[in-house]
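Along the sequence shown, residues are numbered consecutively beginning with 1. The analysis underlying the following values was restricted to heavy atoms, covering all of them including side chains, and did not include hydrogens, waters or symmetry mates.
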Amino acid sequence: MIPDTNPTDTTETAPTNTNINSPSPSRSSTQWKETAGVADGFDAYDDLPERLIGYPAVFGAVGIGSPGVRTVLDYGCGPGKVAARIVAASEEVRVVAADIAPRMLDIARSRRAHPRVDYQQIDSGKLLSLADDSVDAALSCYVFINVGELAVLREIATEIHRVLRPGARYAVLDTNPATTGVRFSTFRSGEPGRTYRAGERRQVLLDQPGGAPPLELVDHHWPRETYLDVLGEAGFTDLRVEEPVLTDPSRLATPAGDHPAEATRPPFLIVTGAKQ
């Protein structure tokens with residue numbers, strides 16, 4: 001989950017395609033901060049591909065479980081699913097889980113409270129409780145795609161760079177722009193066959209339990225170059241890109257026995273950098 005941005009501000013944002021099947025140009029990005037139903041639907045979403053593919057790769061990229069990683073920042077923590085998995089993965093780690101949306105934090109505190117997780121409100125993009133060089137690792141899952149302005153992405157990366165100690169790594173996990181439109185096991189980002197410009201709004205469908213209609217969101221398409229540029233401009237070095245796939249297709253096999261798309265098409269883009 002992420003900071004909301006002004007949907008009418010088109011600064012450094014590409015114009016939206018007017019294809020009849022795409023989100024309307026007048027339709028804003030999903031307003032996570034104000035819409036409680038969105039937070040509940042996002043919490044209900046079964047993030048199985050993330051659990052099997054994305055989160056293990058992110059945790060490894062920033063060193064969760066290694067002796068030097070004791071304090072981890074989860075920037076844009078949403079309902080606390082990632083924070084809960086971090087503390088489950090390491091008995092020594094403490095997590096600062098921060099978000100801008102009160103409903104997301106309410107869900108996290110009520111359903112995923114943990115003595116080693118400190119849920120905090122983000123104030124105007126700032127982490128006011130964290131001193132410079134105080135965090136051993138940081139990650140943001142599904143944050144960049146929910147921000148429509150490059151200036152805001154730069155502010156996020158700069159603030160995270162501030163709080164990380166020298167040598168620590170920051171990882172960004174988002175849906176992979178190279179597989180936009182592909183129907184994965186539990187979600188689809190973007191319309192099939194569409195080509196999106198940098199910053200363009202796109203439809204997202206997240207499966208809901210019990211056969212309920214999918215949760216429909218609107219996020220932004222950013223190419224991998226944007227992630228590299230934003231992290232580099234914030235001062236991160238040793239930039240790395242990962243596009244993991246499912247190594248055991250039986251974990252997501254379909255009822256018909258077909259291999260899931262995750263076995264051959266990478267659903268996630270993971271970009272990491274280190275603070276010097």
Side-chain angles (χ1 to χ4, degrees), residues 1-9 23 26-51 54-55 58 72-88 94-130 138-149 152-153 155-156 159-160 163 172-175 186-189 201-220:
M1 224 300 298
I2 38 41
D4 289 307
T5 57
N6 184 351
T8 63
D9 182 0
S26 63
R27 182 175 181 179
S28 66
S29 305
T30 299
Q31 298 300 294
W32 299 88
K33 187 176 181 180
E34 288 82 11
T35 311
V38 169
D40 292 309
F42 188 76
D43 185 54
Y45 163 70
D46 181 4
D47 58 351
L48 182 57
E50 290 86 343
R51 299 199 309 270
Y55 300 149
V58 168
V72 176
L73 169 64
D74 180 7
Y75 187 101
C77 68
K81 292 182 179 182
V82 177
R85 293 184 179 110
I86 294 172
V87 293
R94 180 180 74 90
V95 180
V96 178
D99 206 281
I100 196 172
R103 177 56 185 163
M104 285 289 194
L105 292 170
D106 288 344
I107 293 172
R109 289 168 177 145
S110 63
R111 301 177 188 173
R112 298 179 183 92
H114 193 282
R116 288 186 283 119
V117 179
D118 179 14
Y119 292 109
Q120 299 186 7
Q121 185 94 25
I122 296 172
D123 185 358
S124 301
K126 301 298 182 182
L127 301 163
L128 301 179
S129 68
L130 294 178
L139 51 88
S140 296
C141 298
Y142 295 128
V143 171
F144 278 36
I145 56 172
N146 285 292
V147 175
E149 291 86 42
V152 177
L153 295 180
E155 290 171 2
I156 292 170
E159 178 66 359
I160 292 172
V163 303
V172 178
L173 178 147
D174 273 339
T175 50
T186 59
F187 72 91
R188 191 195 76 199
S189 295
R201 293 192 292 271
R202 63 185 182 184
Q203 180 195 57
V204 178
L205 299 176
L206 302 182
D207 289 354
Q208 297 288 280
L215 176 68
E216 182 176 351
L217 308 173
V218 177
D219 69 13
H220 297 269

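At distances below 3.5 Å, not a single donor-acceptor pair connects side-chain atoms of Gln120 with backbone N or O atoms of Leu127. Although no hydrogens or angles enter the test, the distance criterion places no donor-acceptor pair under 3.5 Å between the side chain of Arg85 and the main chain of Tyr55. Remark: side-chain polar atoms of Asp174 are paired, donor with acceptor, to backbone N or O of Ile145 under 3.5 angstrom. Of the possible donor and acceptor atoms, none in the side chain of Gln208 sits under 3.5 Å from a partner among the backbone N and O of Pro214.
Closest heavy-atom contact between Asp99 and Cys77: OD2-N, 3.2 Å. Taking all atoms of both residues into account, the shortest heavy-atom contact from Gln121 to Ile100 is NE2-O, 2.6 Å. Heavy-atom minimum distance, Val82 versus Cys141: CG2-SG, 4.3 Å. Residues Met104 and Phe42 share a closest heavy-atom pair of CE-CD2, 3.8 Å. Contact detail for Val117 and Ala83: the closest heavy-atom pair is CG1-CB, 4.0 Å. Contact detail for Ala44 and Pro209: the closest heavy-atom pair is O-CD, 3.7 Å.
Distance check: Asp207 CG to Tyr45 OH gives 7.5 Å after rounding to the nearest 0.5 Å. Distance check: Asn146 CG to Ser140 OG gives 11.5 Å after rounding to the nearest 0.5 Å.
Remark: Asp46 pairs with Leu48, Arg51 by the side chain to side chain contact (heavy atoms under 4.5 Å, CB included) rule, at least two apart or across chains. Residues satisfying the side chain to side chain contact (heavy atoms under 4.5 Å, CB included) test with Ala113, not counting sequence neighbours, are none. Applying the side chain to side chain contact (heavy atoms under 4.5 Å, CB included) test to Ala138 and every residue at least two apart in sequence or in another chain returns Leu73, Ile160, Leu164, Tyr170. Listed by chain and number, the residues in a side chain to side chain contact (heavy atoms under 4.5 Å, CB included) with Arg116 are Val87, Val93, His114 (sequence neighbours excluded). Under the rule for a salt bridge (Lys or Arg N to Asp or Glu O under 4.0 Å), the partners of Arg188 that lie at least two apart in sequence or sit in another chain are Glu191. A search for salt bridge (Lys or Arg N to Asp or Glu O under 4.0 Å) contacts involving Asp43 returns Arg111, Arg112, not counting sequence neighbours.
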Query raised in the report: Can Asp40 and Ile107 be said to form a side-chain contact (heavy atoms from CB on, under 4.5 Å), step by step?
Result: CA-CA 8 Å; Asp40 292 309; Ile107 293 172; 3.5 Å; yes
Requested in this report: Decide side-chain contact (heavy atoms from CB on, under 4.5 Å) for Arg202 and His220; before the verdict, give the C-alpha distance in whole Å, the side-chain angles of both, and the deciding distance to 0.1 Å.
Outcome: CA-CA 6 Å; Arg202 63 185 182 184; His220 297 269; over 6 Å; no
Requested in this report: Give the intermediate values and the outcome of side-chain contact (heavy atoms from CB on, under 4.5 Å) for residues Tyr75 and Ile156.
Outcome: CA-CA 9 Å; Tyr75 187 101; Ile156 292 170; 3.7 Å; yes
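No side-chain heavy atom of Leu206 sits less than 4.5 Å from a side-chain heavy atom of Thr186. Using a 4.5 Å heavy-atom cutoff, the side chains of Leu139 and Ile86 are in contact. Looking at Arg103 and Val38, their side chains never come closer than 4.5 Å, going by heavy atoms from C-beta outward. Counting heavy atoms from C-beta on, the side chains of Glu159 and Ile122 never come closer than 4.5 Å.
With hydrogens and angles left out, the side-chain atoms of Tyr142 and Glu50 include a donor and acceptor closer than 3.5 Å.
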